[in-house]
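One structure is given below, encoded as structure tokens.
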Amino acid sequence: DEGRLVDDEFLGELFAKLIRTDMGAGPAEELRDEVAKQYRGRKVQLNDVIESITEQTRTMLRQDEAPLNLGDPPSVILVVGVNGSGKTTSIGKVAHFLTTSGKKVVLGAGDTFRAAAVQQLTIWSERIGCDIVTGKQGADPASVAFQTVDKALQSGADVAIIDTAGRLQTQSNLMQELEKIRRVVEKKLGREPDEVLLVLDATAGQNALSQAKGFSEAAGCTGIVLAKLDGSARGGVILPIRRQFSLPVKFVGLGEGIEDIAKFDADSFAKALFAD
Amino acid sequence: MFDSLSEGLQSAFKSLRGKGKLTEGNMREGLDIVQRSLLEADVSYPVVQEFMGHVNERAMGKKVLLSLRPEEELVRIVHSELVSILGPVDPSIHLKKEGPTIIMLCGLQGSGKTTTCGKLSQLLKEQNITPTLVAADLQRPAAIEQLKVVGEQVGVPVYTEPDNKNPVEVCKNGVAKAKADGSRVVILDTAGRLAIDEELMGELQRIDNKVGPDQVYLVVDGMTGQDAVNSADAFNKALELDGVIMTKLDGDARGGALLSVKHVTGVPIKFIGTGEHLDALEPFRPEGMAGRILQM
Ligand SMILES: Nc1nc2c(ncn2[C@@H]2O[C@H](COP(=O)(O)OP(=O)(O)OP(=O)(O)O)[C@@H](O)[C@H]2O)c(=O)[nH]1
Ligand SMILES: Nc1nc2c(ncn2[C@@H]2O[C@H](COP(=O)(O)OP(=O)(O)OP(=O)(O)O)[C@@H](O)[C@H]2O)c(=O)[nH]1
Ligand SMILES: [K+]
Ligand SMILES: [Mg+2]
Ligand SMILES: [Mg+2]
């Protein structure tokens, strides 16, 4: 098999494969044009081209081993993101992950807005068997965050994970609320939160770029949890996000169960990105 | 009126004009800009390709090349083509004359189903109809409590069976209860599920078969990307959808996935969700959506 001629049809097929990942038109055009420059008019195997793009992607996404940078206990993890992206569920899974590795975790139910958000996180805390700090429906989320850090300090917890209500990055008053939550945590803790995790939905398209920008500006994100990667969506938008905001992916969500989480692995992610 | 797309087109056509007359050959640059804009709006690529085929045909007709301002003509063609695909408009909820009308909401996890149950209830209440909500999500932690709170906020009854693990039975019993109470509308809040999850898609089909909803609406997140074609197609094949509701359009998502969903399902788009509050539901307007997708 001597391969296929790299012509418009070949490049079109490649482009379709790239676009399908949600990496966006710009990055897909760049990669396609690079292949055109190198190989147009020659014969290649499409698989070889994909393998080389996969390798580039791997290299770009590879990162330090540790998924979480946790300082002196108590470490504080703040979790933010748009509505329904998977924040509360991801908190449950990360808390379980930390608990099984011997850490004492306390959860903070900082979503005091959404119907039954507190009950949802409470059920997770019961599944995990960890402490939870809750406020009343409609309470000031910053005060719940404050009490959570306080509880972690008092009870000698290793990690506090604080949930926040979903919000769109265009809602400036709600983004300011995040800034306030962050400030309050900093004040009580005496340092910045150890991690501010942005939970992105893997089915999201190009709007995830705007999310990364908006939430980073308001809350100073340190990493991403890519939830719902167990579906047929590929989550390729993290490529331009990584490039523009240098935000690493820390975990991927792979289901609704307590164990359905994995440390981000650049190799398998890149491979799945361009798989058929 | 046509801001960003037409700006791009204007500069493209300006540089083309400098080189002399517009031709079919250099018209392509304008079409490329349109294609790119649609991809950036998250319209799925196969849908973009087919759409561009139509636009191409119309644009290559004499009209654009002979017009004084070809960029304006091209934008007009793209916009009207989008409007005609996104339509026709039907933002009503069809109610049966006799017996309760059963509406089932389905979709991926976190798309906005439960909230939209509340929004539809609010809408119906404004028409003096008090629907019964059925809590058929037995999966997500505190999903039943969430629907109860939503029901309370709107002031409509919520049927729950906290100990039943079978959503098909809960839906059947909920409908029977609503019938006995003389409710004119029943809304089933189903659990979120992935379109590739055969087991859960099968469960949804069993609800569909056993309860026979009159209206099945797919609730789609406005921020969805390329995968929209696949998931919408799977839900439509499993359930024969009657309508689509796109949520979270109060932000800056361009919502191009709606074009993908419309393309594969062909069913009318009913409403759009524009906020978390239960009054944030608007009838769908193709013109506005076309403008939004094109960022005009
Ligand atoms: N398949 C799958 N579903 C997930 C995953 N993570 C979360 N979900 C589901 O997605 C839905 C939304 O998850 P939540 O954790 O409530 O999302 P959230 O961001 O806290 O939502 P809000 O608080 O309303 O903004 C739920 O039905 C979860 O079970 C995942 O990795 N895979
Ligand atoms: N900004 C905005 N948020 C919305 C809209 N519709 C729903 N939401 C929010 O999106 C999140 C998820 O909504 P739900 O109604 O719980 O979604 P769901 O589809 O029932 O989720 P699952 O049952 O877990 O699959 C919540 O935070 C809602 O408040 C909308 O139109 N705009
Ligand atoms: K996937
Ligand atoms: Mg939540
Ligand atoms: Mg729900």
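Below, chain A is the first sequence line, B the second, and so on; all start at residue 1.
- For chain A, the nearby part of L108(B) is the side chain; its heavy atoms alone come within less than 4.5 Å.
- Chain B forms the most heavy-atom pairs under 4.5 Å with one residue out of T89(A), V237(A), T21(A), T170(A), and that residue is T170(A).
- Within 6.0 Å of CD on Q244(A) lie more than 12 heavy atoms contributed by other residues, nucleotides or ligands.
- Shown here for P141(B) and W124(A), the closest heavy-atom pair between the two residues is CG-NE1, 3.7 Å.
- For the set R127(A), Q120(A), Q119(A), the count of heavy-atom pairs under 4.5 angstrom toward chain B peaks at Q120(A).
- Of the atoms belonging to Q211(A), it is side-chain heavy atoms, and not backbone ones, that fall under 4.5 Å from chain B.
- Only the side chain of V82(A) comes within less than 4.5 Å of a heavy atom in chain B; its backbone stays farther off.
- Here the side chains of R114(A) and Q146(B) are in contact, with some heavy-atom distance below 4.5 Å.
- At least one donor-acceptor pair closer than 3.5 Å links the side chain of D42(B) to the backbone N or O of Q206(A).
- Atoms CD and CZ, from Q49(B) and F15(A) in turn, are 9.0 Å apart once rounded to the nearest 0.5 Å.
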- Task: Could you please spell out the steps behind the side chain to side chain donor-acceptor pair (under 3.5 Å) verdict for S210(A) and D252(B)?
- Result: CA-CA 8 Å; S210(A) 167; D252(B) 59 355; 2.6 Å; yes
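- Put simply, CD on Q171(A) and CD on E276(B) are 6.5 Å apart, with the number rounded to the nearest 0.5 Å.
- Checked by atom type and distance alone, the side chain of D227(B) never pairs as donor or acceptor with a backbone atom of T203(A) at under 3.5 Å.
- Residue contact with chain A, scored on non-hydrogen atoms closer than 4.5 Å, involves the backbone and the side chain of D250(B) alike.
- Highest contact tally toward chain A, considering only R36(B), E40(B), Q35(B), is held by R36(B) [criterion: heavy-atom pairs under 4.5 Å].
- In this structure, L39(B) and E29(A) have side chains that are not in contact, with every pair of non-hydrogen atoms separated by 4.5 Å or more.
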Exercise for the section: Begin with the C-alpha distance, continue with both residues' side-chain angles, and end with the deciding distance and a verdict on side chain to side chain donor-acceptor pair (under 3.5 Å) for Q139(B) and E256(A). Expected result: CA-CA 9 Å; Q139(B) 235 172 280; E256(A) 300 183 77; 3.1 Å; yes
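- Atom CG of L168(A) sits about 5.5 Å away from atom CE of M223(B), to the nearest 0.5 Å.
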### Message
One pair to check against side chain to side chain contact (heavy atoms under 4.5 Å, CB included): K248(B) and N83(A). What are the steps and the verdict?
### Response
CA-CA 8 Å; K248(B) 308 182 198 175; N83(A) 306 86; 4.3 Å; yes
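- Interface check for chain B: of the options V118(A), D22(A), T122(A), the most heavy-atom pairs under 4.5 Å are formed by D22(A).
- To the nearest 0.5 Å, atoms CD (Q109(B)) and CG (D201(A)) are separated by 9.0 Å.
- Taking OG of S232(A) as the reference point, atom CD1 of I196(B) lies at 5.0 Å (rounded to 0.5 Å).
- No more than 12 heavy atoms of other residues, nucleotides or ligands lie within 6.0 Å of CD in E198(B), so this atom counts as exposed by the packing criterion.
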